[in-house]
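Take a look at the structure set out below.
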Amino acid sequence: KKKISQSEVSRLLKKARDDKMINISISPIYENDLGKKLKQKFNFLNDVVIVCLPHDINEKAIAKILGYKGAEFLNKNVEYASSIGFSCGKTLNSLVENIDTASKDLSGHLLGKCKIYALVHPCIKEIVDPTPASIVSMAVRQLPGSFGYAYQFPPLAPKRKYSSIEMFRNHPDIDEIIED
């Protein structure tokens with residue numbers, strides 16, 4: 001019995017696939033069945049969107065496809081004049097970039113007059129790109145009549161138990177955002 005590491009197995013399978021010695025495929029799972037199983041396992045999920053992707057796709061293309069599917073879902077399921085919260089990340093950025101395109105593809109279903117919020121930890125120390133504020137502003141541009149909020153709170157002081165957002169409690173704008 002010779003033990004082979006996982007990385008060696010992966011390398012050998014890749015070489016065999018590249019040399020056309022083997023063809024690896026995954027049996028299709030019916031989207032509804034997978035969605036039902038995910039909702040059962042993670043009972044906090046309201047909706048599940050399954051996106052089938054080819055195995056040889058690059059990261060940028062994945063974000064673009066997932067972004068479009070997310071924008072399509074948003075356009076189909078969010079009501080006019082809703083409150084929408086966005087976090088930050090490349091896939092969410094792609095989702096926001098695709099809101100208008102997905103809306104046109106859905107026969108002009110128009111989402112608008114929404115309140116857009118940045119949903120991030122209010123005291124992140126790292127600089128992220130895209131920023132929550134940039135995603136909120138892009139969403140406001142894509143959704144007619146919408147407006148957005150993206151507050152940046154000061155970083156959390158060392159050894160503080162609570163987030164610095166607590167210092168802004170009882171401020172009417174902040175309380176409205178927290179409630180939404």
Side-chain angles (χ1 to χ4, degrees), residues 24-153 163 165 173-180:
I24 300 171
S25 64
I26 299 171
S27 300
I29 299 173
Y30 294 103
E31 291 180 22
N32 290 339
D33 293 342
L34 180 58
K36 285 178 188 171
K37 287 179 183 175
L38 287 169
K39 285 169 93 172
Q40 286 171 350
K41 182 160 177 76
F42 304 102
N43 59 4
F44 56 86
L45 295 174
N46 292 327
D47 295 294
V48 175
V49 177
I50 308 294
V51 180
C52 298
L53 300 169
H55 71 282
D56 58 348
I57 191 168
N58 67 42
E59 190 177 315
K60 188 175 181 180
I62 290 171
K64 189 172 184 168
I65 292 167
L66 292 178
Y68 179 83
K69 289 295 188 179
E72 195 174 60
F73 178 84
L74 185 80
N75 274 290
K76 285 180 185 175
N77 294 287
V78 174
E79 294 179 17
Y80 187 81
S82 293
S83 294
I84 304 171
F86 287 109
S87 183
C88 57
K90 292 178 184 173
T91 305
L92 283 168
N93 189 54
S94 180
L95 180 154
V96 172
E97 286 176 346
N98 281 289
I99 290 172
D100 190 48
T101 305
S103 174
K104 289 175 184 167
D105 292 348
L106 292 169
S107 302
H109 176 269
L110 191 59
L111 185 59
K113 290 211 182 244
C114 295
K115 287 195 258 181
I116 313 295
Y117 298 100
L119 296 180
V120 295
H121 190 280
C123 330
I124 55 174
K125 293 179 182 174
E126 300 85 21
I127 301 298
V128 291
D129 183 42
T131 65
S134 66
I135 290 179
V136 167
S137 67
M138 190 175 8
V140 167
R141 284 193 309 268
Q142 297 245 10
L143 299 168
S146 295
F147 54 96
Y149 299 98
Y151 290 99
Q152 180 62 47
F153 295 99
S163 143
I165 195 170
D173 289 342
I174 304 300
D175 285 345
E176 181 184 340
I177 289 170
I178 291 168
E179 189 176 315
D180 260 0

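- In terms of heavy atoms, S146 sits closest to V140 at O-CG1, 3.4 Å.
- Atoms CD and CG, from E79 and L111 in turn, are 10.0 Å apart once rounded to the nearest 0.5 Å.
- Taking both residues in full, the closest heavy atoms of I84 and C114 are given as CD1-SG, 3.8 Å, listed atom of the first, atom of the second, then distance.
- Here the straight-line distance linking atom CD1 of I50 with atom CG of D33 works out to 10.0 Å at 0.5 Å rounding.
- Between the side chain of N75 and the backbone N or O of I99 there is at least one donor-acceptor pair closer than 3.5 Å.
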In residues 56-67, what donor-acceptor pairs under 3.5 Å come from side-chain atoms, sequence neighbours left out?
{"unit_1": "N58", "atom_1": "OD1", "unit_2": "K60", "atom_2": "N", "d": "3.1"}
{"unit_1": "N58", "atom_1": "OD1", "unit_2": "A61", "atom_2": "N", "d": "2.7"}

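- Between I116 and A139 the shortest heavy-atom distance is CG2-CB, 3.9 Å.
- Between K39 and L45 the shortest heavy-atom distance is CE-O, 4.1 Å.
- Under the rule for a side chain to side chain contact (heavy atoms under 4.5 Å, CB included), the partners of D100 that lie at least two apart in sequence or sit in another chain are K104, Q142.
- For the side chain to side chain contact (heavy atoms under 4.5 Å, CB included) test, residues two or more places apart in sequence or in another chain that qualify with E72 are Y68, K69, K76, A102, L106.
- Qualifying side chain to side chain contact (heavy atoms under 4.5 Å, CB included) partners for F147, counting only residues two or more places apart in sequence or in other chains: K115, Y149.
- We find the CG-CG distance between N46 and N77 to be 10.5 Å, quoted to the nearest 0.5 Å.
- Residues S137 and R141 form a side-chain contact, since some pair of their non-hydrogen atoms from C-beta on lies under 4.5 Å apart.
- For V49, the side chain to side chain contact (heavy atoms under 4.5 Å, CB included) test picks out V51, F73, with sequence neighbours left out.
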